[in-house]
Amino acid sequence: SQTIHQWPATLVQPVGSPLSLECTVEGTSNPNLYWYRQAAGRGLQLLFYSVGIGQISSEVPQNLSASRPQDRQFILSSKKLLLSDSGFYLCAWSVGGNGQPQHFGDGTRLSIL
Amino acid sequence: QKEVEQNSGPLSVPEGAIASLNCTYSDRGSQSFFWYRQYSGKSPELIMFIYSNGDKEDGRFTAQLNKASQYVSLLIRDSQPSDSATYLCAVEYGNKLVFGAGTILRVKS
């Protein structure tokens, strides 16, 4: 069966520090991968998605970036965090193709001080 | 702009009652629709998906889709306190999903 791992679960970072969040999927090949952010009490905002290695689509202009160095690995990064980057970051995967359900990791709760 | 609208709630129902959650969407071209449950502090969990007009039942859950009215709903029969959560509606746009802001459901024992 497929599993998705996301870490760390909780992160507290100072303003201006760098960020790296990692997500890996097991048990499937060539998945679509997604990064979302959820602000407190709000809906899910799609940040990036990828349909293959090295293929990244950005949905929202911001100081974040994403990379997919391996088929089942998706990384979210920032060079300098802002206070507004606080939130619950979720990685998700789906089978390739349109209209497929997405399955979420446990998420990373990021607090910027 | 692809939009998915949900009543934020909270929707309060007594234990054992039917909870009805509703969602409307803006793009007539969407073909796939999903319901997720999100407990406080946790990640969303897929509970139902529906592709065709009509009803789809899975245990205590029934998803209903009306593409002409651009409307999808989720019915939860015999609601339990453990069903208390935020329910997110998601609509497919190609290989992406657009999520509604969610409806908070509270089941009172």
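Just so it is clear, the values below take in all heavy atoms, side chains as well, and ignore hydrogens, waters and symmetry mates. Labels below follow one simple rule: chain letters A, B, ... track the order of the sequence lines, proteins then strands, and each chain is numbered from 1.
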Should [X] and [Y] be counted in the same cluster of Ile, Leu, Val, Met, Phe, Trp and Tyr side chains packed under 4.5 Å apart?
X	Y	result
Tyr39(B)	Leu21(B)	no
Ile47(B)	Val98(B)	yes
Leu82(A)	Leu11(A)	no
Leu47(A)	Leu21(A)	yes
Tyr49(A)	Ile53(A)	no

Side chain, backbone, both or neither of [X] within contact of chain A (heavy atoms, under 4.5 Å):
X	result
Ser43(B)	both
Gln6(B)	neither
Phe33(B)	neither
Leu97(B)	both
Tyr93(B)	neither

(request) Please tell me if the side chains of Phe34(B) and Gln102(A) come closer than 4.5 Å, counting only heavy atoms from C-beta onward. (result) no
(message) Less than 4.5 Å apart, side chain to side chain, heavy atoms only: is that true for Asn95(B) and Tyr34(A)?
(response) yes
(request) Just do the side chain to side chain contact (heavy atoms under 4.5 Å, CB included) check on Phe104(A) and Glu45(B) with the steps written out, would you? (result) CA-CA 7 Å; Phe104(A) 288 86; Glu45(B) 171 192 13; over 6 Å; no
(request) State whether the number of non-hydrogen atoms from other residues, nucleotides or ligands found under 6.0 Å of Arg42(A) atom CZ is greater than 12. (result) no
(message) Under a 3.5 Å threshold, yes or no: a donor from one side chain and an acceptor from the other, between Glu92(B) and Gln100(A)?
(response) no
(request) Identify the two heavy atoms, one from Asn98(A) and one from Gly94(B), that lie closest to each other, and give their separation to 0.1 Å. (result) OD1-C, 3.3 Å
(request) Enter the distance from Gln38(B):CD to Leu90(A):CG here, rounded to the nearest 0.5 Å. (result) 7.0 Å
(request) Can you tell which part of Gln45(A) gets under 4.5 Å to a heavy atom of chain B, answering side chain, backbone, both or neither? (result) neither
(request) Please flag which part of Asp106(A) lies under 4.5 Å from any non-hydrogen atom of chain B: side chain, backbone, both or neither. (result) both
